[in-house]
*Asks:* 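Mind having a look at this structure? Questions to follow.
The analysis underlying the following values was restricted to heavy atoms, covering all of them including side chains, and did not include hydrogens, waters or symmetry mates. Note that the structure is a prediction, hence the values are computed from the model and not measured. Order of the sequence lines fixes the chain letters, A, B, ..., with proteins taken first and strands second; residue numbering starts at 1 for each chain.
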2 protein chains.
Amino acid sequence: MSKYLSRSVQDYLKAIYSMAQHKAGLIQTTEIADRLTTSPASVTDMIKKLAAKDLVDYTPYKGVKLTKPGLKVATELIRSHRLWEVFLVEKLGYDWGDVHEIAEQLEHVVSDDLTDRLAAFLGHPSYDPHGDPIPDAQGRYRLSNRVLLSQLPRVDGLVKVQGLKTHTQDFTQYLDQLGIVLGTQLDLQGINAFDKSIRAQIAGTDLLIPASIASNLYVSTIQ
Amino acid sequence: MSKYLSRSVQDYLKAIYSMAQHKAGLIQTTEIADRLTTSPASVTDMIKKLAAKDLVDYTPYKGVKLTKPGLKVATELIRSHRLWEVFLVEKLGYDWGDVHEIAEQLEHVVSDDLTDRLAAFLGHPSYDPHGDPIPDAQGRYRLSNRVLLSQLPRVDGLVKVQGLKTHTQDFTQYLDQLGIVLGTQLDLQGINAFDKSIRAQIAGTDLLIPASIASNLYVSTIQ
DNA sequence: ATCAATAATTAGACATGTCTAAATATCTTT
DNA sequence: AAAGATATTTAGACATGTCTAATTATTGAT
């Protein structure tokens, strides 16, 4: 029972972690397969290995759930990933839509204190360029009071863009087109019943936000 | 015939490159095996794969030599490795003896322009923390006018420490003890015939440099 | 409660990179 | 030039992570 975890093992843990963020209960084989674009059979294979290493609790035919050690590994990966994203955007000048793939590789670099040193160098940021919270060295983080734009109780008044639910380039490019970045203030005017698109203003300019965007954009109300 | 090269393939290319720097002619199977602490049989296996990808020229029972494409890959890896070492020392505050293992992992992160952006961020350094030259984006580099301290024609006068031949932690720690860093000026006093140790002064303080150190330290004469 | 649809697992295979042991080639010495 | 030493290669095996096809379990609808 070694301490080394392969890249694959790490990717599975991270995927399970992320999926558990958005859903209660066990994570199913097929969900993981879709997420990692692999076959359900491969997922079953790997899940058994993860369970043998005590990284997940596995109930055959039902699904998996991270154990405490599994959660720790996943959290460290997420922390590393998000810190590297900050580095790539802030220090190397990348666009926020271009950093995910690179951070995906950088996060797997292992070293005792690399992540902590990187955090210190970056000034211990709390959020990554997409608005996702960065866990501290103990794995703790605070999620700002955010909600999906599509799930606001009242589509009215000022809100601030706090984060993205999906991070695909298709999505960030769309946002770039609309002129929406992290921290953008939206003055909500109302919602169109027909297609659930949302009318808003950015700095006085009218804007129509499709439901597909609204359901992937986290905002917080102002005041 | 894909463009993807595994971590293993990359490690082999880099090893062959480095060994070719210190020796003319073909690199032998056993040398590579020693370098990568693997078996000669495994090296033969891998060499055939490298040859199939046109990364090395392979003469059975004789040895290998990098092809032009192989040389390009190796040079890019070396460039990336050395830039990351600069980053780790200059930005994250690592000691020069602690960065090799980490850079060994970082160098394999693939991205179109990561290396170039990193170089720009660091101010296009020409040498890494051990004094090794960093190739530019075209693979060109200049080696300063340096020679091993053990091979100086005359052990006399001022020299400046320009680089290390080996990069093991044992060696860098030894240098730290002696108070020798990159750029240190040594005032050479003479050589002891008995064991080839070298008498020198650093900032007026006497120092005895064992032959084992002298044969791994590059220096340049001053004037 | 049964049947069809969906989901998950097993079986058997493959690719990559590694290994040891055995066989073969090359080199060195006389 | 032959023999012993050294270096290299081949043969056969194994571990990891993946796959497809076939089988089995679970779920949802009637």
*Asks:* Thinking salt bridges, do B/K14 and B/E76 make one under a 4.0 Å N-O criterion?
*Replies:* no
*Asks:* Grab the CG-P distance between A/L5 and D/dT16 for me, whole Å please.
*Replies:* 13 Å
*Asks:* Using whole Å, report how far CD1 of B/I32 lies from P of C/dT18.
*Replies:*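 Rounded to the whole Å, the gap is 12 Å.
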*Asks:* Salt bridge or not for B/E107 and B/R79, using N-O below 4.0 Å?
*Replies:*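 No, no charged N to carboxylate O under 4.0 Å.
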*Asks:* Quickly work out the A/Y58 OH to D/dA25 C1' distance and round it to whole Å.
*Replies:* 11 Å
*Asks:* I'd like to compare against my own output: the B/S/- annotation of nucleotides 20-29 of chain C with a strict under-4.0 Å heavy-atom distance to protein.
*Replies:* BB---SSS--
*Asks:* Distance check needed: C/dT16 P versus B/D11 CG, whole Å only.
*Replies:*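 So the two atoms are 17 Å apart, to the nearest Å.
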*Asks:* Does the pair A/R146/A/D132 count as a salt bridge with the N-to-O cut at 4.0 Å?
*Replies:*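 Yes, this pair counts.
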*Asks:* Side chain of B/M46 only, please: which of D/dT18, C/dG17, D/dG17 is the nearest?
*Replies:*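 Of all the options, the side chain of B/M46 is nearest to C/dG17.
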*Asks:* Does a nitrogen or oxygen in the side chain of B/K48 sit under 4.0 Å from OP1 or OP2 of D/dT10?
*Replies:*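 B/K48 to D/dT10 OP1/OP2: side-chain N or O found under 4.0 Å.
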*Asks:* One pair to check against ring-ring contact (aromatic ring centres under 6.0 Å, His included): B/F87 and A/F87. What are the steps and the verdict?
*Replies:* CA-CA 12 Å; B/F87 169 76; A/F87 170 75; 5.0 Å; yes
*Asks:* Measure CG/A/L50 against P/D/dT18 and give the value in whole Å, please.
*Replies:* 10 Å
*Asks:* Let me know the distance between OH of B/Y4 and P of C/dA15, rounded to the nearest Å.
*Replies:*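 Atom OH in B/Y4 sits about 16 Å away from atom P in C/dA15.
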*Asks:* Output the rounded distance in Å from CG (B/D34) to C1' (D/dT6).
*Replies:* 13 Å
*Asks:* Heavy-atom nearest nucleotide on DNA chain D for A/S8 versus B/P40: which residue maps closer to 5'?
*Replies:*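 Mapping each residue to its closest nucleotide by heavy atoms, the 5'-most match is B/P40.
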*Asks:* For A/H100 and A/H130, test the side chains for any donor-to-acceptor distance below 3.5 angstrom and give the result as yes or no.
*Replies:*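 No - no donor-acceptor pair under 3.5 Å links their side chains.
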*Asks:* Send over the distance from A/Q10 CD to D/dT16 C1', rounded to a whole Å.
*Replies:* 15 Å
*Asks:* Which pair of non-hydrogen atoms, one from A/L83 and one from A/L118, has the smallest distance, and what is that distance?
*Replies:*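 Residues A/L83 and A/L118, closest heavy atoms: CB-CD2, 3.8 Å.
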*Asks:* Determine whether the side chains of A/D11 and A/H108 contain a donor N or O and an acceptor N or O closer than 3.5 Å.
*Replies:* yes
*Asks:* For DNA chain D, whose closest nucleotide is more 5', that of B/T44 or that of A/T38?
*Replies:* B/T44
